[in-house]
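To start, the structure itself, in structure tokens.
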Amino acid sequence: MHHMPTVAFVIVLSVLASRPACSRADELAERGRDIFKKNQRAVITVQIVMKLKFSVPGLGGQANESRQDLTGTVVDPSGLTVLALSSCEPADMFQNMMAGMSDEETKFKMDTELSDIKLLLDDGTELPADIVLRDKDLDLAFIRPKTRPASPMLALDLSKAATAQVLDQVITLNRLGKAAGRAYAVSVERISAVVQKPRLFYIPGSEMTSTTLGSPAFTLEGNVLGVFVTRSVSQKGSGYGMFSFRPEGLTTIILPAGDVLKAAKQAPEAKSGDEQKVEPTEKK
């Protein structure tokens, strides 16, 4: 009988020890839901018609056209929306992936043609849009509605930017595909690396989540950390790793909100012939 208090004491300690973990999990969920509710409508579906043309030495050329849903983040109430350039014009990314694999890779050519760009709002509204700025260096594309929306759109305030450290948790927002009813989705990611040079950017963990290119990331305090894009580098002799199917010169990153804001300020109004391109400045 004298052992019973000891057993009871151990049980009580176990319950108390489990409480902080549960509390932390609940706090994370609460913060995530708060960020989700405040910002979900700033994440929209961008529907495009993409025509890929490619040619391979000795095999001739082919073309393929498809309608695709991409994730965009609204950065201005006028409807200015940012998405990853590699998601809508993947030609340069594929060229980099092919670079260095053989002497023939320089003859591999791929071009992308976009048409019928639309912003799909959650109330069923479809806003025809144009690309007004491309920044290949940062993997950003900015689009504007051809006509100003009837009412201001919910947009993220990129000026309230945050920073993160290794292993920090971040909240990401996305809008799912047609099969999932284009529902809004939220995920929790961790920062696995912070890269300082040639410029600051963050490497997300490799866990499978609903996050896609163009999704925004937030710190747990609710400030914008950045936007998911692709970073690709061309390197002679690069290709796929020996034990990995991932290209060595390609990775997903979180581009800091400050860089996105700086690029957004260069985006012109949506008028015919005003589309701009930012010349690469970074040595990769």
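Fair warning: this is a prediction, and the values are worked out from it, not measured in the lab.
- Side-chain contact between Ile253 and Val229: present, with at least one pair of heavy atoms (C-beta onward) separated by less than 4.5 Å.
- Leu80 and Leu85 fall into different hydrophobic clusters, where Ile, Leu, Val, Met, Phe, Trp and Tyr residues are linked whenever their side-chain heavy atoms come under 4.5 Å apart, directly or through other members.
- Under the 4.5 Å side-chain criterion, counting only non-hydrogen atoms from C-beta, Cys88 is in contact with Leu83.
- A continuous path of ILVMFWY side-chain contacts below 4.5 Å connects Ile171 to Val227, so both sit in one hydrophobic cluster.
- Considering every non-hydrogen atom in both Asp135 and Ala263, the closest pair reads OD2-CB, 4.4 Å.
- The CD1 atom of Ile254 sits 8.0 Å away from atom OG1 of Thr172, with the distance rounded to the nearest 0.5 Å.
- By the 4.5 Å side-chain criterion applied to Ile, Leu, Val, Met, Phe, Trp and Tyr, Leu154 is assigned to no cluster and stands alone.
- The OG atom of Ser86 sits 9.5 Å away from atom CG of Leu140, with the distance rounded to the nearest 0.5 Å.
- Under a hydrophobic-cluster definition in which Ile, Leu, Val, Met, Phe, Trp and Tyr are linked whenever side-chain heavy atoms come within less than 4.5 Å, directly or via other members, Leu213 and Val43 are assigned to different clusters.
- Taking the side chain as every heavy atom from C-beta outward, Leu52 and Pro90 approach each other to under 4.5 Å.
- Here the closest heavy-atom approach between residue Pro256 and residue Tyr202 is recorded as CG-CE1, 4.2 Å.
- Once rounded to the nearest 0.5 Å, the distance linking CG of Asp76 with CG of Leu158 reads 9.5 Å.
- For Glu221, the salt bridge (Lys or Arg N to Asp or Glu O under 4.0 Å) test picks out Arg31, with sequence neighbours left out.
- Taking all atoms of both residues into account, the shortest heavy-atom contact from Gly79 to Leu119 is O-CD1, 4.0 Å.
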**Report entry** Derivation of the salt bridge (charged side-chain N to carboxylate O under 4.0 Å, His left out) call for Glu89 and Lys136
**Finding:** CA-CA 10 Å; Glu89 293 187 350; Lys136 292 183 179 180; over 6 Å; no
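- No path of Ile, Leu, Val, Met, Phe, Trp and Tyr side chains, each step under 4.5 Å between heavy atoms, connects Leu225 with Val75, placing them in separate hydrophobic clusters.
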Query raised in the report: Passes side-chain contact (heavy atoms from CB on, under 4.5 Å), Leu261 versus Ser159? Steps please.
Result: CA-CA 7 Å; Leu261 177 60; Ser159 66; 4.2 Å; yes
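- For the pair Lys51/Ser115, no side-chain contact is recorded, criterion being any heavy-atom separation below 4.5 Å from C-beta on.
- Using modelled atom types and a 3.5 Å distance limit, the side chains of Ser215 and Thr71 yield no donor-acceptor pair.
- Between Met153 and Leu121 the shortest side-chain heavy-atom distance falls below 4.5 Å.
- Here the CZ atom belonging to Phe142 is positioned 10.0 Å from the OG1 atom belonging to Thr73, to the nearest 0.5 angstrom.
- The closest side-chain heavy-atom distance from Thr81 to Ile44 is below 4.5 Å.
- Residues that satisfy the side-chain hydrogen bond (donor to acceptor under 3.5 Å, both in side chains) test with Asp34, not counting sequence neighbours, are Lys38.
- Distance check: Phe201 CZ to Leu255 CG gives 9.0 Å after rounding to the nearest 0.5 Å.
- By the 4.0 Å N-to-carboxylate-O rule, Asp137 lies too far from Arg231 to be salt-bridged with it.
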Solution key, residues 175-187 side-chain donor-acceptor pairs under 3.5 Å, sequence neighbours excluded:
| residue | atom | partner | partner atom | Å |
| --- | --- | --- | --- | --- |
| Arg175 | NE | Arg182 | O | 3.0 |
| Arg175 | NH1 | Leu120 | O | 2.6 |
| Arg182 | NE | Asp69 | OD2 | 3.0 |
| Arg182 | NH2 | Asp69 | OD2 | 2.8 |
| Tyr184 | OH | Asp122 | OD2 | 3.1 |
| Ser187 | OG | Ser210 | N | 3.3 |
| Ser187 | OG | Ser210 | OG | 2.8 |

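- When side chains are defined from C-beta on, Phe218 does not count as touching Asn223, because their heavy atoms never get closer than 4.5 Å.
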All N/O donor-acceptor pairs, side-chain side in residues 189-197, below 3.5 Å, sequence neighbours left out:
| residue | atom | partner | partner atom | Å |
| --- | --- | --- | --- | --- |
| Glu189 | OE2 | Thr209 | OG1 | 2.7 |
| Glu189 | OE2 | Thr211 | OG1 | 2.7 |
| Arg190 | NH1 | Leu167 | O | 2.6 |
| Ser192 | OG | Ile203 | O | 3.1 |
| Ser192 | OG | Pro204 | O | 3.3 |

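- Shown here for Ala155 and Pro77, the closest heavy-atom pair between the two residues is CB-N, 3.7 Å.
- Every side chain to side chain contact (heavy atoms under 4.5 Å, CB included) that Gln68 has, sequence neighbours left out, goes to Ile48, Met50, Ser66, Leu70.
- The backbone N or O of Thr230 sits less than 3.5 Å from a side-chain atom of Asp139, completing a donor-acceptor pair.
- In terms of hydrophobic clustering, with Ile, Leu, Val, Met, Phe, Trp and Tyr side chains grouped at heavy-atom distances under 4.5 Å, Leu156 and Ile35 are assigned to a common cluster.
- When each of Leu114, Val82, Ile131, Asp130 is tested with Ile143 by the rule side chain to side chain contact (heavy atoms under 4.5 Å, CB included), just one qualifies, namely Ile131.
- With rounding to the nearest 0.5 Å, the separation of CD1 in Ile117 from CZ in Arg144 is 14.0 Å.
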